[in-house]
Amino acid sequence: MRSKTIKEGIERLPHRALLYATGIPRSEMDKPFIGVVTSFTDLIPGHIGMRDLERFIEKGVHTGGGYPFFFGVPGICDGIAMGHGGMHYSLASRELIADMIESVAEAHRLDGLVLLTNCDKITPGMLMAAGRLNIPSIVVTAGPMMSGRFKGRRLNLTSDTFEAVGKFKKGLISSGELAELEMCACPGAGSCQGMYTANTMACVTEALGMSIPGCATALAVSSKKRRIAFESGSLIARLVRKNVTPRKIMNLKAFENAIMVDLALGGSTNTVLHIPAIAHDAGIDLPLEVFDRLAVKTPHITDMLPGGKNYLEDLDNAGGIPAVLKRLRGQIRDNITVSGKTVFSIADAAEVYDEEVIRPLNKPHHKQGGIAILKGNLAPGGAVVKQSAVTKNMMKIEGTAIVFDAEEDAMKAILGGRVRPGHVVVIRYEGPKGGPGMREMLSPTSAIAGMGLSESVALITDGRFSGGTRGPCIGHVSPEAMEGGPLAIVRNGDIIKVDIPGRRLELVVPKDEISRRLRAWKKPAPKITKGYLARYARSVSSAGEGAVMK
């Protein structure tokens, strides 16, 4: 055990004295030291229920023969950080979380980790740390929120709050209904109810084999989630004893399995940032092209919010991720998981309880998976779109650029009626370096949808999108504008072509004119010049590389 470094030998007497000061009994000193990493906070609905789950993890660790030590990491709610300066910190916090876990686990020579997480950047940050440290680890995602209720219909965060703003501006709903929606849309603990980034990452984690079967979709408020927390805690000491480390689980097979599950679910485009970043820390090279190669052969078989109608509670009732693995049994590859079961054994034991929620492969919603990678003269390094959330008539677009150098300016123009049918909204200098922090654009995309423009307006950005985004919204344009990418020289009135089936994103401007504009371009001053974000901007890589720190 790694912890022997701090607890065995005469020279470690001072170390043992400090450990005994924490209250650990002598009888427990020979057991594996398990770090229980919790992102509990009162600020995030997805995390407010973690105090309860911590108790069950602790019981499980003791039952399994380990000794738990709790420590915390920060969390940011993307929904609360959305649409203002706070969103600069969201993606950047992923690196902080990974670094903090690395620092504590290495300094205290912990033998294993239970990672209690839930929301957008916290889950990938914890998985990055697991891959980097490569000590036995198991992830407990705290679970999705129940759907809201209002006048007999189910509610969710995106369409019933963010998109409601645009509907109200357009006079489609009253101020009274708006007030009711904000009270009812999010009824309590859990990650937001659709296949947004938090829940997508929970499903990816389970598909990777880093959490036990059923964990991703079990509701935050359920006794099922408590039992999963207990079982996860009880498993970690066994993983330590058998030396089952994350890199033995998170191999190339596991990452490709997880991507196929993501594509079948129509998950958030943010996974195109997070999965390569996790792979990077696990020592696996995972270029963007892998997503597109797998998307072509992986059908989209679940109709999940925001592009569809089903909630995470529906997916759980239909059999959860094990049932999705069962559908994909002929395409995925077998691998070990933290549960001690193999991927194939999990798939073979699963049942599909609702054939409409998790469709057969021969009856998909779309023949291809949810994510597509576009390239062209506007995105030589690639761009990402959630094609499963784009209607058929918007898969090919030719429109007129209307250009903004910040999200706030675009938002004012959308709500002010300046964005009209036929426009392609360009929001630039919002990438990893330019933002900095690659802000999500849920506010403008939801305003476009709420004002009834999602069938006539596209949006292109070097920033990124919430998992709640729907419509022809293309993000992660690489190289970003701050690096002098072609997005930096787009002008109002330029024609832009989007061809999702053809995987192309083109600026319809003569090649020599593009070259002339690029030569004349001057890098703007950074938006933020002090503190963590200034340091982050200097070190972060492009979106095409997962926006990892170098």
Side-chain angles (χ1 to χ4, degrees), residues 120-121 123-124 127 139 141 144 191-192 194-211 215-217 250-279 282 284 286-308 310 312 315 320-329 331-333 335 337 343 346-347 357-359 361 364-373 382 384-390 464-470 475-476 543 546:
D120 297 31
K121 310 308 167 298
T123 301
L127 284 167
V139 179
T141 47
S191 48
C192 303
M195 195 55 71
Y196 313 136
T197 305
N199 288 323
T200 303
M201 283 309 305
C203 294
V204 163
T205 303
E206 187 177 328
L208 270 173
M210 288 298 292
S211 57
C215 184
T217 58
M250 293 196 294
N251 50 35
L252 183 58
K253 290 188 294 184
F255 282 108
E256 292 198 351
N257 287 347
I259 291 170
M260 283 187 276
V261 168
D262 179 18
L263 293 164
L265 293 170
S268 165
T269 53
N270 280 315
T271 59
V272 183
L273 284 174
H274 298 323
I275 294 176
I278 298 162
I284 304 286
L286 203 68
L288 280 180
E289 288 72 23
V290 174
F291 285 83
D292 218 39
R293 172 172 60 81
L294 296 174
V296 172
K297 69 173 189 176
T298 307
H300 172 221
I301 57 173
T302 66
D303 190 33
M304 305 296 297
L305 289 163
N310 292 315
L312 258 290
L315 182 62
I321 298 307
V324 177
L325 291 171
K326 190 177 192 73
R327 291 293 199 216
L328 297 174
R329 176 67 161 75
Q331 296 181 213
I332 57 176
R333 290 187 284 173
N335 201 37
T337 73
V343 173
I346 292 168
V357 174
I358 306 174
R359 287 187 175 183
L361 298 191
H365 296 282
H366 302 96
K367 291 181 179 179
Q368 294 187 1
I371 289 171
I373 307 298
V384 179
V385 64
K386 186 193 282 193
Q387 60 177 345
S388 59
V390 181
R464 60 195 175 88
F465 298 116
S466 160
T469 293
R470 59 187 175 94
H476 306 205

Checking [X] side chain against [Y] main chain: does a donor-acceptor pair fall under 3.5 Å?
{"X": "Asp262", "Y": "Thr200", "result": "no"}
{"X": "Lys386", "Y": "Gly468", "result": "no"}
{"X": "Thr337", "Y": "Val343", "result": "no"}
{"X": "His274", "Y": "Pro276", "result": "no"}
{"X": "Arg327", "Y": "Ile358", "result": "yes"}
{"X": "Asn257", "Y": "Ala207", "result": "no"}

[X] versus [Y], closest heavy-atom pair with distance:
{"X": "Ala216", "Y": "Thr141", "result": "CA-OG1, 3.9 Å"}
{"X": "Asn270", "Y": "Ser466", "result": "ND2-CA, 4.2 Å"}
{"X": "Gly475", "Y": "Phe465", "result": "N-CE1, 3.2 Å"}
{"X": "Leu265", "Y": "Cys203", "result": "CD1-CB, 3.7 Å"}
{"X": "Ala295", "Y": "Ile371", "result": "CB-O, 3.4 Å"}
{"X": "Pro364", "Y": "Pro299", "result": "CB-CB, 3.7 Å"}

How far does [atom1] of [X] sit from [atom2] of [Y], to the nearest 0.5 angstrom?
{"X": "Thr269", "Y": "His476", "atom1": "OG1", "atom2": "NE2", "answer": "4.5 Å"}
{"X": "Lys253", "Y": "Arg333", "atom1": "NZ", "atom2": "CZ", "answer": "6.5 Å"}
{"X": "Asp120", "Y": "Leu273", "atom1": "CG", "atom2": "CG", "answer": "11.5 Å"}
{"X": "Leu294", "Y": "Ile259", "atom1": "CG", "atom2": "CD1", "answer": "5.5 Å"}
{"X": "Thr205", "Y": "Met210", "atom1": "OG1", "atom2": "CE", "answer": "8.5 Å"}
{"X": "Leu315", "Y": "Asn199", "atom1": "CG", "atom2": "CG", "answer": "9.0 Å"}

Are the side chains of [X] and [Y] in touch, meaning some heavy atoms are under 4.5 Å apart?
{"X": "Ile275", "Y": "Phe291", "result": "yes"}
{"X": "Leu328", "Y": "Leu361", "result": "yes"}
{"X": "Val357", "Y": "Thr302", "result": "no"}
{"X": "Ile373", "Y": "Val384", "result": "yes"}
{"X": "Glu206", "Y": "Ser211", "result": "yes"}
{"X": "Gln387", "Y": "Gln368", "result": "yes"}
{"X": "Thr271", "Y": "Thr197", "result": "no"}
{"X": "His365", "Y": "Ser388", "result": "no"}

Output, in order, the C-alpha distance, side-chain angles, deciding distance and verdict of side-chain contact (heavy atoms from CB on, under 4.5 Å) for Gln331 and Thr298.
CA-CA 8 Å; Gln331 296 181 213; Thr298 307; 3.8 Å; yes
Is it true that the side chains of Asn335 and Asn251 contain a donor and an acceptor less than 3.5 Å apart?
yes
Begin with the C-alpha distance, continue with both residues' side-chain angles, and end with the deciding distance and a verdict on side-chain contact (heavy atoms from CB on, under 4.5 Å) for Leu286 and Leu252.
CA-CA 8 Å; Leu286 203 68; Leu252 183 58; 3.9 Å; yes
What pairs of residues pass the salt bridge (Lys or Arg N to Asp or Glu O under 4.0 Å) test when at least one of them lies in residues 288-300, not counting sequence neighbours?
Glu256-Arg293, Glu289-Lys375, Asp292-Arg503
